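Below: one structure in structure tokens.
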Amino acid sequence: MRTGYSVCVIDPDGDHVGLEALRGLVVVGEALPMPPLDQLLRLGSLVVDLSQRAMDTRGLETRHVLELLAENRRR
């Protein structure tokens with residue numbers, strides 16, 4: 001049953017990748033390069049795994065994800 005809600009977990013340490021066992025939830029980011037998030041946001045709920053990224057880029061990638069989420073929500 002679809003509730004009309006989706007969730008995005010930004011996971012800097014890879015602690016939440018096990019959530020992919022939940023129906024309808026997709027884990028992205030464990031493979032490099034990461035697929036375009038603007039396309040993936042249309043799929044529904046996500047865990048964005050940043051654990052394979054360099055520590056100094058995780059903040060920038062988090063900001064990018066949050067900007068895409070805000071843009072997606074405005075639409």
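This one's a predicted model, so the numbers in the text were calculated from it and none came from an experiment. The first residue in the sequence is number 1, and the count goes up from there. Only this structure's heavy atoms are used, side chains among them; waters, hydrogens and symmetry mates stay out.
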Pair Val28, Val26 - check side-chain contact (heavy atoms from CB on, under 4.5 Å), show working. CA-CA 6 Å; Val28 298; Val26 178; 3.9 Å; yes
Nearest atoms (heavy-atom pairs only) where Ser45 meets Ser6: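 So the two residues come closest at OG-CA, 3.4 Å.
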Test side-chain contact (heavy atoms from CB on, under 4.5 Å) applied to Arg74 - qualifying residues, sequence neighbours left out: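 Applying side-chain contact (heavy atoms from CB on, under 4.5 Å) to Arg74 gives Ala70, Glu71.
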Tell me every residue that passes side-chain hydrogen bond (donor to acceptor under 3.5 Å, both in side chains) with Arg53, counting only those two or more places apart in sequence or in another chain.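 Testing Arg53 for side-chain hydrogen bond (donor to acceptor under 3.5 Å, both in side chains), a comparison that skips the adjacent residues, returns Glu61.
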From CG (Leu69) to NE2 (His64), nearest 0.5 Å: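 Leu69 CG to His64 NE2: 10.0 Å, rounded to 0.5 Å.
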Can you confirm whether Val48 sits close enough to Cys8 that some side-chain heavy atom of one is under 4.5 Å from a side-chain heavy atom of the other?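 Sidechains of Cys8 and Val48: in contact.
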Rounded to the nearest 0.5 Å, how far does CD1 of Ile10 lie from CG of Leu50?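 Rounded to the nearest 0.5 Å, the CG-CD1 separation comes to 7.0 Å.
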Does any pair with a residue in residues 8-17 pass salt bridge (charged side-chain N to carboxylate O under 4.0 Å, His left out), and if so which ones, sequence neighbours excluded?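 Those involving residues 8-17 are Asp13-Arg58.
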List, by chain and then residue number, the residues other than Leu60 in its hydrophobic cluster (Ile/Leu/Val/Met/Phe/Trp/Tyr, side-chain heavy atoms under 4.5 Å); write none if there are no others.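 Reading the cluster by chain and number, Leu60 sits alone, since nothing else belongs.
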Taking transitive links into account, so neighbours of neighbours count too, which hydrophobic residues share a cluster with Val7 at under 4.5 Å side-chain distance?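 Cluster partners of Val7: Val9, Val17, Leu19, Leu22, Leu25, Val27, Val47.
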Contacts of Ser51 that satisfy side-chain hydrogen bond (donor to acceptor under 3.5 Å, both in side chains) - sequence neighbours left out: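 side-chain hydrogen bond (donor to acceptor under 3.5 Å, both in side chains) check on Ser51 returns Asp49.
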